[in-house]
Amino acid sequence: MDRIRITGGRQLNGVIPISGAKNATLPLMIASLLTQDTLILDNVPRLADVRLLQRILGNHGVDVMIAGKRPGESTDNQTLHISAANIVDTTAPYDLVSKMRASFWVVAPLLARMGRAKVSLPGGCAIGTRPVDLLIMALERLGAQIEIDAGYVIASAPRGLQGNEIVFPKVTVGGTHTALMAAVLANGTSVIENAACEPEVGDLADCLNKMGAKISGAGTTRITVEGVAKLNGARHSVLPDRIETGTYAMAVAMTGGDVMLQNARPELLQAALDTLAQAGANITATNEGIRVTRNGGGIAPVTVTTEPFPGFPTDLQAQLMALMTRAKGTSTITETIFENRFMHVQELARLGARIHLDGQKATIEGVDRLKGAPVMATDLRASVSLVIAALAAEGETTVNRVYHLDRGFERLEAKLSACGASIERLSG
Ligand code: EPZ
């Protein structure tokens, strides 16, 4: 199993190209199931999760052709030509769905286009129980009949889905994706209330509209979808990854230095950038992207609560905690989205961090120095928080189980070492 070895203590200086967003790419690829025509996606990151979803879609008969990068592109991003001309199987089996929760989202387009879908329940996950009750509720509101049998959700709508009002009692990104992908081909109009406002929902709605859907209000809490009989192919470029952006911004705030996060868009992560500015980083938006610097002064402590967009994202909580381990004072971070997203705490403690957990609230007492040690990656964002801490720790840190990182960070070692970090992958 690959490991990553980091020797801490170096500043980061240079340019980091930001890739297309993993969490936008996955629902966009799944939306290809809604049409017989080809959906072309540009700016797709090269990630393990993208390759896995390609396999999952392949099982339904979807053909994915990968074209190389276009001239002038600064990242390794790829273009996918995705064709679901013939859906040969409407079942998504346990062995595939259990590897990646987002693959459960195929239920909506399969049901909308084929009138039926049988999709394995995704099962437990390291960051909390993560149920799918609200996704099922949304489908039922649109007239689907749902049965749960032997670990599978069996959905059917032989006469098609019917537009309706869907009110989410709690903000859910996957629930909103599901409602959108089901409502676009329903008869009549649907209104989604308390919809997620995350930029990835907006990106999905933009792409669906290019495919001929009639969606308005995406990016607000009330989305209206006028159902259409059929969707067409389209070409769409995936938006830049706000979590990758925030992660590298925190890495620079941690080590000090001067880095241009190329292609990054500040409006996708304003709350996180405001927090970083409070912590002492200088953030400047330019035509090229976001420039992050920290010179001299130390890291100031912050008080943060994770929230749905536009609040501070849960997917940057672990990275912020790593940064706060070196703050001059005491910080608090409260996690409100997932009930068990603090697995990085124990591992950060191995590097010398002082963190006290009380339910959903972490109190981080900044220390003068962290010291390198072997640590274990537990989930995607937790793993990268260990990398951030290791960049500032004295001596050598080895991060084990890096396959978690490969799910969501494209060429992490290459991007960081190009800016002066001492980081390398050890195979086997
Ligand atoms: C998406 O997960 C992201 N995944 C997550 O990123 C992200 O952390 C999360 O949204 C919140 O922003 C992808 O986009 C692939 P939710 P999702 O439905 O859609 C509860 C990463 O590291 N809930 O918005 O699964 C749920 O338990 C990943 O890239 C229900 O109760 O999250 C949670 O407490 C991790 N019932 C809250 O809602 C449901 O039916 C928000 O979850 C669905 C969700």
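Just follow the structure's listing: the first ligand is 1, and inside any ligand the first atom is 1.
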### Message
Looking at Lys361 and Glu335, is there a salt bridge between them, counting it only when a charged N and a carboxylate O are closer than 4.0 Å?
### Response
no
### Message
When you compare ligand 1 with Ile337, is there at least one nitrogen or oxygen pair between them that comes in under 3.5 angstrom?
### Response
yes
### Task
Measure the distances from the heavy atoms of Glu200 to every atom of ligand 1 and state whether one is below 4.0 angstrom.
no
### Query
Any N/O of Thr172 closer than 3.5 Å to an N/O of ligand 1?
yes
### Under 4.0 Å to a heavy atom of Thr314 - the qualifying atoms of ligand 1, by number
8 (O), 11 (C)
#### Entry: Between Ser156 and Lys118, a side-chain donor and acceptor under 3.5 Å
no
### Query
Residues two or more places apart in sequence or in another chain: which of them pass salt bridge (charged side-chain N to carboxylate O under 4.0 Å, His left out) with Arg425?
Asp2, Asp406, Glu413
### Query
Which atoms form the tightest heavy-atom contact between Ala92 and Tyr152, and what is the distance?
O-CE2, 3.6 Å
### Message
Test of understanding: given a 4.0 Å heavy-atom threshold, classify the contact between Trp105 and ligand 1 as side chain, backbone, both, or neither.
### Response
side chain
## Note on the structure
side chain to side chain donor-acceptor pair (under 3.5 Å) test vs Asn43 passes for just one of Asn263, Asp241, Asn77, Thr79, namely Asn77
### Query
Looking only at heavy atoms of Pro131, does any of them come nearer than 4.0 Å to an atom of ligand 1?
yes
### Query
For ligand 1, which atoms sit closer than 4.0 Å to a heavy atom of Lys22?
21 (C), 29 (O)
### Task
Examine the proximity of ligand 1 to Asp315 and report which part, side chain or backbone, both or neither, has a heavy atom under 4.0 Å away.
side chain
#### Entry: Lys/Arg N to Asp/Glu carboxylate O, Asp315 vs Arg341, below 4.0 Å
yes
### Task
Output yes when the distance from some N or O of ligand 1 to some N or O of Phe338 is under 3.5 Å, and no in every other case.
no
### Query
What atoms of ligand 1 come within less than 4.0 Å of a heavy atom belonging to Gly174?
18 (O), 19 (O)
### Query
Quick check: does Leu134 get an N/O under 3.5 Å from an N/O on ligand 1?
yes
### Query
Is Val171 near ligand 1, meaning one of its heavy atoms is under 4.0 Å from it?
yes
### Query
Heavy atom under 4.0 Å from ligand 1: found in Arg101's side chain, backbone, both, or neither?
side chain
### Query
So do the side chains of Glu198 and Pro308 get within less than 4.5 Å of each other, counting heavy atoms only?
yes
### Task
Over all heavy atoms of both residues, which pair between Ala24 and Val238 is shortest? Give the atoms and the distance, please.
CB-CG1, 3.9 Å
#### Entry: Arg242 and Glu200 ion-paired at < 4.0 Å
yes
### Query
Does anything in residues 203-217 pair up under salt bridge (Lys or Arg N to Asp or Glu O under 4.0 Å), and if so which pairs, sequence neighbours excluded?
none
### Task
Pick one of side chain, backbone, both or neither for how Arg341 approaches ligand 1, counting any non-hydrogen atom pair under 4.0 Å.
side chain
### Message
One residue to check: Lys170. Relative to ligand 1, which of side chain, backbone, both or neither has a non-hydrogen atom less than 4.0 Å away?
### Response
side chain
